[in-house]
Amino acid sequence: MAESSSSKEDVIQLIKRFGAYLTFKMSNLFSISFRNLDSRSVGAIAGLALAIVFTWRLVRRPGGPQRRQPKRQAPTTSTSVPSNQSNATIIPSGVSPPPEYLRAQNAVDEFFQPVKPTLGQIVRQKLSEGRKVTCRLLGVVLEESSPEELQAHQATVRSSVLEVLLEITKFCDLYLMERVLDEESEKKILLALENAGIFTSGGLVKDKVLFCSTEMGRSSFVRQLEPDWHIDTNHEIVSQLARFIKYQLQISPTRPERTASNVFSSPSLEQFFGNI
């Protein structure tokens, strides 16, 4: 035990003497070196020291160099902002967005706007792609609503229904029909239709404008033609034809009682197609 403790003390003494010797040598070396250094050497040593310090701080920082994060603006109100808020609201108040931003925003808004169907597409959809249509004139196409009124006045085509009527003639075989009291009423109707430009569109000819002297005669016309759609104002005729015609549209200012599932109603022909 005594020999072991003695050997430990000898090692300690040896380490101490070696340390003292290194301290003495290093002090002499630095004292001599600093006395012999010129200005260039001092500058080089200083630069080396700065480089070592900078490198040490860079390595010490976790995650390496980081970009400076911009300061977040405090919310102006206590209400929460919806997630689908447009980019225009992100711009701070009082700051005008650049023209390029506004043009880009307008282009995006126009791109995502729903496409509005044309009147022709609406007519096709409403008529369920029907290819043949029969339609009464009085109270639907003409301003006059009775044969007696037509006999006393000139026939007048309703301007609001004209565009819808022309769209129907583009893809449907259209027949117009009416009960009249005399031949003069027939001439009035044909002249009014011609002046409105219905015959010049190419979809309707005068031979497809039919006249009769009774309401039952109009019903007989419809059954013989077997259209996909019939448009009328007389509730009794619509009810009688419900078994024979695929679809019917009754024009009435008041909503009539629906007689069958294939019978629809509307205050006017143009309103049925959403053209008002």
Trainee: Considering non-hydrogen atoms only, spot the tightest contact between Leu181 and Pro147 and give its length.
Mentor: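 Taking every non-hydrogen atom into account, CG-CB, 3.8 Å.
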
Trainee: Which heavy atom of Ala242 sits nearest a heavy atom of Val263, and at what distance?
Mentor: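 Closest pair (atom of Ala242, atom of Val263, distance): CB-CG2, 4.2 Å.
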
Trainee: Under 4.5 Å between any side-chain heavy atoms of Lys116 and Gln121, yes or no?
Mentor: no

Trainee: Decide yes or no for Met177 and Thr134: does some side-chain heavy atom of the first lie under 4.5 Å from some side-chain heavy atom of the second?
Mentor: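 They are in contact (side-chain heavy atoms under 4.5 Å apart), so the answer is yes.
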
Trainee: Does any part of the side chain of Thr156, heavy atoms only, come nearer than 4.5 Å to the side chain of Glu144, both counted from C-beta?
Mentor: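 The answer is yes, as the side chains (C-beta and beyond) meet within the 4.5 Å cut-off.
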
Trainee: With a sphere of 6.0 Å drawn around CD of Glu236, does it hold more than 12 non-hydrogen atoms of other residues, nucleotides or ligands?
Mentor: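 Not buried by this count: 12 neighbours or fewer within 6.0 Å.
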
Trainee: Identify the heavy atoms of Asp232 and His230 that sit nearest to each other, and give their distance.
Mentor: OD2-NE2, 2.9 Å

Trainee: Show your reasoning for whether side chain to side chain contact (heavy atoms under 4.5 Å, CB included) applies to Ser219 and Leu241.
Mentor: CA-CA 7 Å; Ser219 177; Leu241 294 175; 3.6 Å; yes

Trainee: Of all heavy-atom pairs between Leu150 and Ala155, which one has the smallest distance, and what is that distance?
Mentor: CD1-CB, 3.6 Å

Trainee: Output yes when a side-chain donor or acceptor of Lys208 lies under 3.5 Å from a complementary backbone atom of Leu176, and no otherwise.
Mentor: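 A pair under 3.5 Å: no.
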
Trainee: Using residues 122-131 as the side-chain source, report each donor-acceptor pair under 3.5 Å to any protein atom, sequence neighbours left out, with the distance given to one decimal.
Mentor:
| from | atom 1 | to | atom 2 | distance (Å) |
| --- | --- | --- | --- | --- |
| Lys126 | NZ | Phe272 | O | 3.4 |
| Arg131 | NH1 | Phe171 | O | 2.8 |
| Arg131 | NH2 | Phe171 | O | 3.0 |

Trainee: Looking at Lys132 and Cys172, would you say the former's side chain and the latter's main chain have a donor-acceptor pair under 3.5 Å?
Mentor: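 A pair under 3.5 Å: no.
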
Trainee: If hydrophobic clusters are built by linking Ile, Leu, Val, Met, Phe, Trp and Tyr wherever their side-chain heavy atoms come under 4.5 Å apart, do Phe211 and Val222 end up in the same one?
Mentor: no

Trainee: Would Ile198 end up clustered with Leu210 when hydrophobic side chains under 4.5 Å apart are linked, directly or stepwise?
Mentor: no

Trainee: Taking a hydrophobic cluster as the set of Ile, Leu, Val, Met, Phe, Trp and Tyr residues connected by side-chain heavy atoms closer than 4.5 Å, whether directly or through intermediates, do Tyr247 and Ile245 fall within one such cluster?
Mentor: no

Trainee: Is it possible for you to say whether Ile168 and Leu166 belong to one hydrophobic cluster, with membership spreading through side-chain heavy-atom contacts below 4.5 Å?
Mentor: yes

Trainee: Start with the C-alpha gap between Glu226 and Lys246, add the side-chain angles, then the distance that decides, and say whether salt bridge (charged side-chain N to carboxylate O under 4.0 Å, His left out) holds.
Mentor: CA-CA 9 Å; Glu226 298 181 347; Lys246 187 175 182 180; over 6 Å; no

Trainee: Which distance, rounded to the nearest 0.5 Å, do you find between the CE of Met216 and the CZ of Arg223?
Mentor: 8.5 Å

Trainee: Kindly give the heavy-atom pair with the smallest separation between Arg218 and Ile237, and that separation in Å.
Mentor: NH2-CD1, 3.2 Å

Trainee: Would Ser185 and Asp182 satisfy side chain to side chain contact (heavy atoms under 4.5 Å, CB included), going step by step from the backbone distance to the final call?
Mentor: CA-CA 6 Å; Ser185 297; Asp182 52 26; 2.6 Å; yes

Trainee: Between Ser266 and Arg255, is any pair of side-chain heavy atoms under 4.5 Å apart?
Mentor: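 Side-chain contact under 4.5 Å: no.
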
Trainee: Checking side chain to side chain contact (heavy atoms under 4.5 Å, CB included) for the pair Phe199/Val205: CA distance, chi angles, key distance, verdict?
Mentor: CA-CA 6 Å; Phe199 298 133; Val205 294; 5.5 Å; no

Trainee: With the side chain counted from C-beta on, respond yes when Gln250 and Ile231 share a heavy-atom pair under 4.5 Å apart, and no when they do not.
Mentor: no

Trainee: Is there a donor-acceptor contact under 3.5 Å linking the side chains of Gln248 and Asn262?
Mentor: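 No.
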
Trainee: Are Cys135 and Val141 close enough that some pair of their side-chain heavy atoms sits under 4.5 Å apart?
Mentor: yes

Trainee: Name all residues meeting the ring-ring contact (aromatic ring centres under 6.0 Å, His included) criterion together with Phe221; count only those two or more places apart in sequence or in a different chain, and write none if there are none.
Mentor: none

Trainee: Considering only heavy atoms from C-beta outward, does the side chain of Val209 approach that of Tyr175 to under 4.5 Å?
Mentor: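 With C-beta onward as the side chain, the pair stays apart.
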
Trainee: Quick one: pull up CD in Gln154 and CG in Leu191 and give me the separation to the nearest 0.5 Å.
Mentor: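 Nearest 0.5 Å value for the CD-CG distance: 7.5 Å.
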
Trainee: Can a salt bridge be assigned to the pair Glu178 and Arg136 using a cut-off of 4.0 Å between side-chain N and carboxylate O?
Mentor: yes

Trainee: What are the two closest heavy atoms between Pro267 and Ile251, and how far apart are they?
Mentor: O-CG2, 3.4 Å

Trainee: Please list, chain by chain and in numerical order, all residues satisfying side-chain hydrogen bond (donor to acceptor under 3.5 Å, both in side chains) with Ser220, sequence neighbours excluded.
Mentor: Gln224

Trainee: Give, for atom CD of Glu194 and atom CD1 of Ile189, the distance between the pair rounded to the nearest 0.5 Å.
Mentor: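 Going from CD on Glu194 over to CD1 on Ile189, the span is 14.0 Å.
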
Trainee: Linking I/L/V/M/F/W/Y whenever any side-chain heavy atoms sit under 4.5 Å apart, do Val157 and Leu119 land together?
Mentor: yes

Trainee: Please identify which of these residues, Leu174, Leu249, Leu165, meets the side-chain contact (heavy atoms from CB on, under 4.5 Å) condition with Val133.
Mentor: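 Among Leu174, Leu249, Leu165, the one that satisfies the side-chain contact (heavy atoms from CB on, under 4.5 Å) with Val133 is Leu174.
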
Trainee: For residues Thr214 and Arg179, is any side-chain donor paired with an opposing acceptor at under 3.5 Å?
Mentor: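 Short answer, no.
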
Trainee: Is it the case that the side chains of Ser160 and Glu270 hold a donor-acceptor pair, with the cut-off being a distance below 3.5 Å and no angle test?
Mentor: yes

Trainee: CD/Gln240 to NE2/His235 distance, rounded to the nearest 0.5 angstrom?
Mentor: 10.5 Å

Trainee: Indicate yes or no: at least one non-hydrogen side-chain atom of Ser145 is less than 4.5 angstrom from one of Leu138.
Mentor: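 Heavy-atom side-chain distance check fails, nothing below 4.5 Å.
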
